[in-house]
There are 2 protein chains.
Amino acid sequence: MIPQRTLIENPGKIRQKNEKTILDSAEIEFAKYGYEGATIKSIAERAGLPKANIHYYFKSKLDLYAAVLNDILDMWNAAFDGIDIHSNPAHALEHYIRAKVEYSRTHGRASRIFACEMISGAPYLRRYLQNEFHYWVSEKAQVIHHWIRQGLIAPIHPMHLFMMIWGATQYLADAQVQVESLLRKPELAGQDYEAFASDLVTVILKGCGLQSYRKTACLTATESSLEFA
Amino acid sequence: MIPQRTLIENPGKIRQKNEKTILDSAEIEFAKYGYEGATIKSIAERAGLPKANIHYYFKSKLDLYAAVLNDILDMWNAAFDGIDIHSNPAHALEHYIRAKVEYSRTHGRASRIFACEMISGAPYLRRYLQNEFHYWVSEKAQVIHHWIRQGLIAPIHPMHLFMMIWGATQYLADAQVQVESLLRKPELAGQDYEAFASDLVTVILKGCGLQSYRKTACLTATESSLEFA
DNA sequence: GTCTATAGTTAGATAGAC
DNA sequence: GTCTATCTAACTATAGAC
């Protein structure tokens with residue numbers, strides 16, 4: 001009786017690696033075709049595994065979808081939890097907007113899966129939206145309110161401000177084909193994202209009664225914005 | 001041999017009525033579950049017709065989807081073709097933004113189907129985006145450019161301006177559940193849309209260096225904006 | 001832990017009586 | 001023009017040999 005070699009050499013490693021491969025493939029397929037449109041077969045083929053293995057690692061298609069959504073929420077939290085919104089309004093808003101645009105660029109697929117989930121009424125994320133997400137946003141809204149009371153920014157419904165930022169930045173990821181068509185580019189480059197981020201920052205800041213505190217934001221923004229936190 | 005009564009009394013009327021019923025039902029199902037998620041069965045049940053009748057009026061599921069998309073484009077054109085963007089910038093932008101918000105409110109389902117189509121890479125609307133749509137937008141972009149050259153509004157990439165407006169307004173329709181959760185409303189009312197429209201108008205106008213030309217925009221906006229055209 | 005074969009279900013589409 | 005019954009294909013999921 002020889003124990004299986006892989007188990008001795010890589011305790012749990014195979015599982016870890018395969019689960020990651022499957023999750024990545026699933027993310028691509030779900031983003032491209034939606035939940036119903038994606039099939040276990042296509043996910044398996046992309047992962048280079050037989051169909052049955054998908055079911056071995058994830059009980060059902062719904063389980064796999066839930067795992068993908070969880071991954072997406074983790075990324076989202078990792079990307080935005082570190083934001084210190086207590087600095088001055090212009091800095092904080094610019095930093096947040098640029099981070100969000102960058103997220104749309106680097107995690108377009110995740111963003112599109114999230115959008116599909118919203119469009120279909122958030123059947124799997126409803127609880128999350130009403131609890132964790134709502135609390136997180138309410139906290140940030142308090143900060144905006146505080147700034148308004150102190151006269152630091154012009155009066156605006158904080159949620160409306162967030163909606164503008166989210167709508168505009170999500171649009172980059174969700175309507176990517178439309179954007180490419182508008183800008184007449186076969187594929188969007190980093191510069192395109194940066195240019196949009198700069199215009200969005202300008203409009204939001206000026207729209208909130210804040211002077212853009214730097215004229216050359218457009219060129220050096222991505223690097224320098226990392227130093228704000 | 002008695003000719004069928006319905007054909008004599010209502011030449012083509014039955015077809016017209018049933019096609020409309022089916023299109024309406026299909027729009028609801030496609031918006032809720034996406035193309036793959038919606039089924040002929042569910043559409044037929046919603047329309048109160050047997051499955052086979054759907055195939056009688058629309059050759060295939062794809063045909064039906066194309067018809068729904070066509071309906072949506074018709075509505076879109078009807079809603080925005082009349083906009084005279086040659087008036088002064090502040091008026092024109094405010095009018096357009098309010099019309100777009102109103103469209104998100106009254107045609108949320110259409111907006112969501114359109115969004116799904118974009119997210120999946122616009123397999124059926126690619127041609128439209130690259131031709132009719134692109135020309136229409138380019139024309140409007142010329143107007144923005146003209147305003148900028150004349151010093152009427154602050155410099156901004158016209159496409160970026162449109163993207164901000166579309167992103168923010170589409171967000172209302174596409175992420176409706178998220179918005180409801182944010183604003184803690186079980187259902188959005190007309191006031192919620194108007195309030196958002198007013199904040200969006202304010203931010204965009206100020207962001208473009210335009211003074212809001214009316215302080216009480218928030219309250220009387222919807223009615224008065226209809227008189228701009 | 002892997003993979004072939006297949007069960008069980010449901011989808012889109014059609015034939016043919018009325 | 002309507003509708004029941006049915007076909008074919010594709011999907012999710014599982015059983016069981018390795």
Side-chain angles (χ1 to χ4, degrees), chain A residues 1-23 25-26 28-30 32-69 120 123-124, chain B residues 1-23 25-30 32-69 116 120 123-124:
Chain A
M1 282 296 191
I2 304 172
Q4 294 192 356
R5 245 192 324 198
T6 50
L7 275 178
I8 289 181
E9 287 176 4
N10 308 311
K13 290 289 176 193
I14 291 176
R15 175 165 221 104
Q16 221 171 348
K17 190 192 129 214
N18 281 344
E19 280 184 356
K20 170 124 184 58
T21 308
I22 293 170
L23 281 172
S25 306
I28 295 172
E29 293 294 316
F30 282 136
K32 243 190 194 160
Y33 306 106
Y35 176 76
E36 316 280 349
T39 66
I40 301 278
K41 185 167 174 275
S42 64
I43 294 169
E45 277 168 6
R46 186 175 290 278
L49 291 168
K51 249 185 0 171
N53 289 33
I54 311 296
H55 282 100
Y56 174 71
Y57 288 106
F58 299 92
K59 207 183 67 200
S60 68
K61 190 182 181 183
L62 211 57
D63 264 35
L64 178 54
Y65 179 67
V68 170
L69 277 184
S120 53
Y124 304 108
Chain B
M1 283 294 190
I2 303 173
Q4 294 192 357
R5 242 191 326 195
T6 49
L7 275 179
I8 291 181
E9 288 177 3
N10 307 312
K13 290 287 177 195
I14 291 177
R15 175 164 221 103
Q16 221 170 349
K17 191 191 127 214
N18 281 345
E19 281 184 355
K20 169 122 184 58
T21 308
I22 293 169
L23 280 172
S25 305
E27 192 191 296
I28 295 173
E29 293 293 317
F30 282 135
K32 243 189 194 161
Y33 307 106
Y35 177 74
E36 315 281 348
T39 66
I40 301 277
K41 188 168 175 272
S42 64
I43 293 169
E45 278 169 5
R46 185 175 292 277
L49 291 167
K51 245 182 11 166
N53 289 33
I54 311 297
H55 281 100
Y56 175 72
Y57 288 106
F58 299 91
K59 207 183 67 199
S60 67
K61 189 183 180 182
L62 211 57
D63 264 34
L64 179 53
Y65 179 67
V68 170
L69 276 184
C116 275
S120 52
Y124 304 108

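So that the names make sense, note that chain A is the first sequence line, chain B the second, and so on, each numbered from 1. Note that the structure is predicted; figures quoted are calculated from it, not measured.
If you measure from atom CD1 of B:Ile22 to atom C1' of C:dA13, you get 15 Å, rounded to the nearest angstrom. The OH-C1' distance, from A:Tyr56 to C:dG1, rounds to 5 Å in whole Å. Taking atom NE2 of residue B:His55 and atom P of nucleotide C:dA15, one finds them 12 Å apart after rounding to whole Å. Spacing between atom CG of B:Leu49 and atom P of D:dT4 amounts to 11 Å, rounded to whole angstrom units. Atom NZ in A:Lys59 sits roughly 13 Å away from atom C1' in D:dT12 (whole-Å rounding). The distance from atom CZ of B:Phe58 to atom P of C:dG12 is 15 Å, rounded to the nearest whole Å. A straight line from CG of B:Asn53 to C1' of C:dC18 spans 13 Å, rounded to a whole angstrom. When the P atom of C:dG12 is taken as reference, atom CD1 of B:Ile54 falls 11 Å away, rounded to whole Å.
A:Tyr33 places none of its side-chain heavy atoms less than 4.5 Å from the side chain of A:Thr39. At least one side-chain heavy atom of B:Lys41 sits less than 4.5 Å from a side-chain heavy atom of B:Glu45.
When all heavy atoms of A:Arg46 and A:Glu29 are compared, the pair lying nearest together is NE-OE2, 2.8 Å.
Residue-level contact check: A:Tyr57 touches the backbone only, with heavy atoms under 4.0 Å from sugar-phosphate atoms and none from bases.
Closest to the side chain of B:Asn18, from the set C:dA13, C:dC3, D:dT2, is D:dT2.
With sequence neighbours excluded, the residues satisfying side chain to side chain contact (heavy atoms under 4.5 Å, CB included) with B:Ala26 are B:Phe30, B:Ile43, B:Leu64, B:Val68.
DNA chain D is contacted by no residue of residues 32-44 of chain B, taking any non-hydrogen atom closer than 4.0 Å.
Seen from the ring of A:Tyr56, A:Lys51 does not count as a face-on cation partner, given the 6.0 Å and 45° thresholds.
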Within the sub-3.5 Å range, which N or O atoms of nucleotides 7-9 of chain C have a protein N or O partner, and how far apart are they?
none

